[in-house]
Amino acid sequence: MALLQISEPGMSTRPHERRFSVGIDLGTTNSLVATVRGSTADTLVDYRGRDIMPSIVRYAGNNEVQVGWAAKSASVSDAANTFVSVKRFMGRAISDLGEDEKKLPYDFVGSGADVIAFQTRNGIKTPIEVSSEILKVLARLGTETLGDKLDGVVITVPAYFDDAQRQATKDAATLAGLNVLRLLNEPTAAAVAYGLDRQDEGVVAIYDLGGGTFDISILKLSKGVFEVLSTGGDTALGGDDVDHLIADWFIAHTGAVISSSSQWREILNLSCAAKESLSENETTEILFHGSRAILSRSQFESLVTPLVNRTLSACRKALRDADIEPSEIRNVVMVGGSTRIPVIRQKVGDFFKCEPLVSVDPDKVVAIGAAIQADILVGNKPDNEMLLLDVTPLSLGLETMGGLVEKIIPRNTTIPVARAQEFTTYKDGQTAMSIHVLQGERELVSDCRSLARFELRGIPPMVAGAAHIRVTFQVDADGLLSVSAREQSTGVEAQVVIKPSYGLEEDDITRMLRESYEHARDDLQARELQEKRVDADRLLDAITVALDEDGEDLLVDEERQEITRAMEQLALARNSANAQEIGKAIKFLSEASEFFAARRMNSAIKKALAGHSLSELEKGFD
Amino acid sequence: MAITLTDAAARHIRKNLEHRGKGLGVRLGVQTTGCSGLSYVFEFVDEPRDEDRVFENGSVKLFIDPKSLVYLDGTELDFTKEGLNEGFRFNNPNVKEECGCGESFHV
């Protein structure tokens with residue numbers, strides 16, 4: 001019979017209705033998969049007891065793909081077909097490649113705005129396909145361990161990932177045949193692993209020192225919602241640098257000669273072992289081809305201090321960006337194997353003036369948080385114990401007449417969210433509407449960021465203002481936006497899913513917000529002026545049409561001239577920059593044309609009634 | 001009437017309770033459902049019910065309602081590994097036939 005796990009009270013599942021989920025930490029260097037069983041979250045191990053899998057994929061020819069440890073050994077001998085750190089290429093274009101990246105041993109295909117792709121022995125592969133191979137192996141470990149298929153997964157991504165990188169991650173999961181319940185920010189996952197989401201509110205810092213990168217994230221928690229206040233770090237700083245420092249010290253201290261790259265590899269491995277040993281012991285011995293040295297913990301600490309200080313200056317900058325004092329930080333979560341080094345823990349604690357959280361294995365903490373979130377999203381917890389939400393960093397809206405932005409989803413709205421608003425046509429007989437989707441806080445289109453444009457066609461011809469066009473903005477749990485427009489009477493519909501190729505940096509978000517505050521008054525005035533201009537144009541249009549249709553029949557020359565004069569005045573005022581003047585001219589023209597409008601109304605009723613008997617009409621009113 | 005636990009099962013239940021941070025023990029039971037009639041209830045207990053029979057075994061409390069006990073009498077609860085998968089198994093002498101996957105059964 002199937003093996004059982006203990007459920008929460010009242011949550012024993014019916015046969016074949018158990019829901020299985022895993023959380024995946026899809027890392028740059030290493031990846032892990034975790035799950036919740038019997039109310040405990042832990043990482044899953046392979047047949048050899050390893051839970052960490054190198055994020056390395058090798059295309060070995062004949063459609064054979066090697067992933068993880070199997071691929072790692074070939075990363076030097078078959079470098080062109082063995083992809084290391086492919087996460088760095090997700091959602092990016094060839095033109096985004098830095099000079100250093102172009103020097104990597106890969107055969108890049110395409111140019112300019114093309115999505116990055118590699119020529120491999122198994123054909124052309126994109127970073128999405130490479131990542132999907134890693135996900136497939138992790139998911140297989142999940143299904144083999146749980147003994148059933150997975151109903152859903154949560155995959156973690158860096159907080160600074162933009163829409164394109166998030167979409168690429170989702171695509172990789174789809175390609176691997178996985179149902180993505182949600183993409184979760186890595187620092188948020190780490191906070192969840194410690195249960196910080198169950199606190200009422202507060203600001204927390206996530207200090208993530210991995211093998212090759214350092215990330216600091218400042219998160220604000222309020223009512224179960226994590227908002228990323230700022231992110232920072234150093235993409236070329238990590239535990240590997242510590243190994244280099246020890247190796248350099250050893251060579252300087254002993255005069256040992258390194259004569260090949262494999263010897264350098266060897267001394268780095270010895271350094272890494274020494275580093276790990278010093279987390280437990282006061283001294284450690286390094287032996288290398290007859291050279292010997294004793295490294296004490298205090299010597300080691302003075303070696304790594306400059307490196308720790310570099311991470312702390314990144315922390316300082318992140319705090320400044322978030323406008324937060326170190327003393328306001330309630331908790332610091334330590335992520336990444338390098339945070340096991342005692343001196344790092346101590347200095348981070350001193351900096352933030354609180355004891356860092358270290359009780360969850362720093363290598364596993366992100367995967368564990370993802371697993372906890374996956375378990376809830378898949379429906380294994382009573383009454384949704386935790387509903388973790390993210391928020392939109394900037395408002396989303398669309399362009400209306402006069403180059404104005406109508407905001408549909410304001411900033412800091414919790415996602416997922418869907419909001420709809422009705423719009424109408426501006427001109428008689430208008431059969432198409434252009435929808436321009438924008439992001440930002442400013443009032444004018446030119447000051448916001450354009451995300452997409454699309455057209456709704458096939459609107460039946462109607463008088464201006466008669467059509468009901470419902471525009472729906474939807475942001476899913478991963479922060480991806482889709483916009484649809486539907487003409488209500490006919491049901492014609494058009495939509496777009498936003499996949500901008502270049503997302504916003506945190507700095508851009510801050511800049512856009514700041515500008516919106518600085519220009520609040522200008523923006524308001526600009527908005528008022530544009531609105532008046534739109535009103536003026538609409539009125540002028542309507543009267544021009546009316547004059548063409550009925551001017552001859554209903555007006556004497558003098559009356560017509562009076563209206564024309566008022567129209568000329570309005571046309572003149574419209575081009576001024578004075579909203580009040582335009583307003584006055586609109587009022588004047590409206591009044592001047594009032595009698596004309598009344599006569600048109602009477603004449604229209606007469607026409608409608610002509611040829612009908614009274615009884616016919618009465619019947620119609622029943 | 002008795003229910004027994006293997007050492008491995010007792011150890012894992014204790015571990016699960018410790019990780020969860022609360023709970024008096026675990027509830028064993030049956031519910032009517034599934035392709036073959038009955039299936040097991042296996043969950044943490046935060047609040048016991050008046051009618052529960054309580055068995056203590058390897059310093060683990062097992063809570064069983066009297067109706068379920070009829071179908072579970074003589075059951076040994078074990079914890080085993082099958083490849084990478086691990087979990088609890090009910091060795092229930094009352095079971096006459098199981099559905100293919102073993103998630104539901106007849107007595």
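Side chains included, hydrogens not; waters and symmetry mates left out as well; all remaining heavy atoms used. What you are looking at is a predicted structure, and each value in this text was computed from that prediction instead of being measured. We name chains A, B, ... by the order of the sequence lines, and we start the count at 1 in each one.
- Heavy-atom contacts from other residues, nucleotides or ligands closer than 6.0 Å to CD of B:E51 number more than 12.
- Here B:L84 is the residue among B:I13, B:V45, B:L84 with the most heavy-atom pairs under 4.5 Å with chain A.
- The two atoms that bring A:R37 and B:N16 nearest to each other are O-OD1, 3.9 Å, heavy atoms only.
- Side chain of B:R20 to main chain of A:E8: no donor-acceptor pair is present (N/O by atom type, distance under 3.5 Å, no hydrogens or angles).
- The contact between B:E86 and chain A is made by backbone and side chain atoms together, counting heavy-atom distances below 4.5 Å.
- Each of A:D148, A:L146, A:L3 was compared with B:N85 under the side chain to side chain contact (heavy atoms under 4.5 Å, CB included) criterion, and only A:L3 meets it.
- Contact annotation for B:V26: only side-chain heavy atoms (C-beta onward) come within less than 4.5 Å of a heavy atom of chain A.
- For B:E18, the CD atom is loosely surrounded, since the number of other residues' heavy atoms within 6.0 Å does not exceed 12.
- At distances below 3.5 Å, not a single donor-acceptor pair connects side-chain atoms of A:Q5 with backbone N or O atoms of B:F42.
- Between B:F44 and A:I6, the shortest heavy-atom distance links the atoms N-CG2, 3.5 Å.
- For B:E56, the CD atom counts as densely surrounded, since its 6.0 Å shell holds more than 12 non-hydrogen atoms of other residues, nucleotides or ligands.
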